[in-house]
Every structure is written in C-alpha cells, then in structure tokens.
J.: 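Structure in structure tokens, see below.
This structure is a prediction, so every number in the text was calculated from the model and none was measured.
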Amino acid sequence: MAYGRRGRPRLRLCGGALAGALLLLGCSGGGEDGAASPAATGRGGEKGGPGGSAAPEPSTTSTSPDTGTGPKDRGSALALARAVAAEPDAWGTGFVRSTAYEGDPDRTGELGRDCVWRQEPLPASELISLTRRSEVPARGGKGALRVAAVVTVHRDVDGASWEMARTLEEALRCPEQQLNATERVTGLISLGIPSGELGETAHDSLDERGMIRGTEGGGPYPYSWVQARWGAVTMAAVAKGAKGHGQSEVDDAVEHAVASMLELAERRLEAGDE
C-alpha cells in the first residue's frame with residue numbers, strides 16, 4: 001500500500017474505479033470478526049485442510065522483490081506479531097481496547113464447507129496467528145464500531161502466499177458466511193491486487209466488502225476486510241459497522257490499521273529485526 005501524509009494510504013482498494021472493477025470481476029465472499037469470537041477473524045488452515053478446499057495457485061505476477069522472510073521459531077514470531085498488530089490508536093481517534101483484547105495465538109479460524117467459521121489449532125505451516133480487538137464504544141445513540149487486527153507469521157513465504165490465495169478462494173466459495181451464533185456476512189465483493197499494481201508496497205494485498213447482520217443491534221451494516229502480505233507475514237484488518245457508523249468510517253479504520261501494520265512489518269523485516 002502506498003502511503004500519504006501521516007502514513008495513510010493514498011488510495012482505497014475498494015473505492016472509485018476499483019469498486020467498478022470488483023463488480024466486473026464478479027468476485028464475492030469474505031469473513032469478519034465478532035468482537036468476542038476469535039473464530040470470526042482467522043483465515044488460517046492449510047490448503048485443502050479440514051472443511052476447506054484447495055486454493056488457487058498464488059499470484060506470480062508480483063513485480064516487487066519478495067525479499068521479506070520472517071521469524072523461524074514461535075518465540076520470535078510472537079514478538080513480531082505483538083510489535084506489528086494494530087493497537088487502538090492505529091485505527092483512528094476514539095478507539096479503545098475491547099474486553100477480549102488478544103486472542104489465543106495458537107488457534108485460528110477455519111471456514112468449513114458449510115461456510116461457517118470455527119476455531120481450530122494452528123496448521124503446521126503457521127507459527128503464530130495473533131488477533132487484537134478494539135472498538136469505538138457505543139455512545140450518543142451510536143452503536144459500537146468493532147474492529148480486529150490479525151497478524152499471521154508463516155514458516156515461509158510460500159505459506160503466506162497460499163493464505164492470500166486461499167482467502168480469495170474462500171470468498172468465491174462462500175459468498176455468505178456465518179461468523180458465529182449471531183452474526184452473518186452477506187453481499188460480499190472481493191479483489192486481489194498483486195504487488196506493483198496501483199502502487200502498493202505490500203507483496204500482495206486484497207480487499208473485501210459486504211454487509212453484516214446480527215441478532216444484537218440488527219443491521220445490515222457495512223463490513224470491510226483488508227489484508228496485506230510482506231514476506232512470510234500477513235496482516236489483516238476488519239471493521240464491522242454499527243448504527244451511526246457508515247461505510248467511509250469503516251473503510252478509514254481498516255486502511256489506517258493495515259497501513260500502520262505494513263509499515264511496522266516492513267521496517268522490522270528489512271532490518272532483520274525478527
């Protein structure tokens with residue numbers, strides 16, 4: 001992702017002409033985080049793993065040198081993930097830690113063949129998958145704007161590339177996804193953007209949009225998931241709209257968070273600080 005002033009991306013992956021591109025491509029799908037449900041945030045699981053199907057081949061059109069690697073043991077992977085995963089101030093003003101701030105780094109979400117997210121142990125290809133949750137608390141007649149950052153450290157670049165490809169495959173396979181007992185995402189569109197196109201600095205990135213509905217707070221409300229890869233590390237940001245929080249606020253939050261995480265990961269990995 002390219003950066004503007006104060007680290008903000010200079011383009012929105014789903015805005016303007018790109019929104020038209022999404023519709024022309026006819027891609028759909030996605031996933032999202034319920035604030036108290038780690039299963040809703042994970043994109044883990046091996047290719048063709050439990051409940052899943054084989055992902056498409058990772059993109060080979062990248063024009064940026066994929067030099068970033070990553071930690072090789074769990075301890076350094078967890079340290080990197082905690083240094084990179086977005087904290088409340090990375091999302092914008094007014095965000096605070098959610099009650100369930102950090103998820104279990106040894107578990108991840110699996111999207112089953114029935115398009116329902118469930119928690120599973122990490123696959124062998126992943127060292128750590130850390131989720132952090134933040135929110136703008138409900139006040140003044142507005143609902144709570146809930147967000148989550150997910151940093152996954154893979155054992156190698158191929159594993160991280162497969163995760164990006166698998167995420168797009170999941171979107172096509174499940175245009176509607178059940179996040180937990182009370183929340184469901186529908187009407188999703190998705191687009192993968194290889195490095196070198198549109199000026200991003202990430203080795204790969206993707207963008208998903210849709211609507212979230214739930215028994216608590218009703219809906220539908222805007223949903224946005226943006227994910228980027230640098231070497232063997234993937235970083236995702238998801239935001240779930242609520243009463244009084246529209247699409248632009250949801251988009252701004254995820255763009256700020258991914259830009260912040262990507263900058264931190266790039267700096268640490270290029271410096272060999274793993």
J.: Only counting residues at least two apart or in another chain, list the ones meeting salt bridge (charged side-chain N to carboxylate O under 4.0 Å, His left out) with D106.
T.: R74
J.: Mind checking what makes side-chain contact (heavy atoms from CB on, under 4.5 Å) contact with A237, not counting sequence neighbours?
T.: W91, V254, A257, V258, M261
J.: Out of curiosity, W117 CH2 to E110 CD, how far, rounded to the nearest 0.5 Å?
T.: 7.5 Å
J.: Tell me the disulfide (SG to SG under 2.5 Å) pairs involving residues 96-151, sequence neighbours left out?
T.: C115-C174
J.: Under the disulfide (SG to SG under 2.5 Å) definition, can you give me all pairs with a residue in residues 131-169, not counting sequence neighbours?
T.: none
J.: When rounded to the nearest 0.5 angstrom, what is the spacing between CD in E170 and CD in E208?
T.: 8.5 Å
J.: Which heavy atom of A160 sits nearest a heavy atom of G231, and at what distance?
T.: CB-O, 3.6 Å
J.: Distance-only, no hydrogens or angles: does the R97 side chain make a donor-acceptor pair with backbone N or O of T99 under 3.5 Å?
T.: no
J.: Would the distance check show the side chain of T167 and the main-chain N or O of E163 forming a donor-acceptor pair, the cut-off being under 3.5 Å?
T.: yes
J.: Could I get the full list of side-chain contact (heavy atoms from CB on, under 4.5 Å) partners for A242, not counting sequence neighbours?
T.: H245
J.: Kindly indicate, with the supporting measurements, whether the criterion side-chain contact (heavy atoms from CB on, under 4.5 Å) is fulfilled by I189 and L191.
T.: CA-CA 7 Å; I189 53 177; L191 179 66; over 6 Å; no
J.: To the nearest 0.5 Å, how far apart are OG in S129 and NE2 in H154?
T.: 7.5 Å
J.: Step by step, work out the side-chain contact (heavy atoms from CB on, under 4.5 Å) result for T108 and T152.
T.: CA-CA 9 Å; T108 190; T152 302; 5.7 Å; no
J.: Nearest 0.5 Å please: distance from the CG atom of L172 over to the OG atom of S190.
T.: 7.0 Å
J.: Sequence neighbours excluded, which residues qualify as salt bridge (charged side-chain N to carboxylate O under 4.0 Å, His left out) partners of E102?
T.: R82, R132
J.: Can you run down the disulfide (SG to SG under 2.5 Å) pairs that involve residues 75-108, sequence neighbours left out, and say none if there aren't any?
T.: none
J.: Of all residues at least two apart in sequence or in a different chain, which pass the side-chain hydrogen bond (donor to acceptor under 3.5 Å, both in side chains) check with R107?
T.: none
J.: In a check of side-chain contact (heavy atoms from CB on, under 4.5 Å) between R209 and each of D251, L188, V226, which one passes?
T.: D251
J.: Restricting to salt bridge (charged side-chain N to carboxylate O under 4.0 Å, His left out), what partner residues turn up for R155, sequence neighbours left out?
T.: none
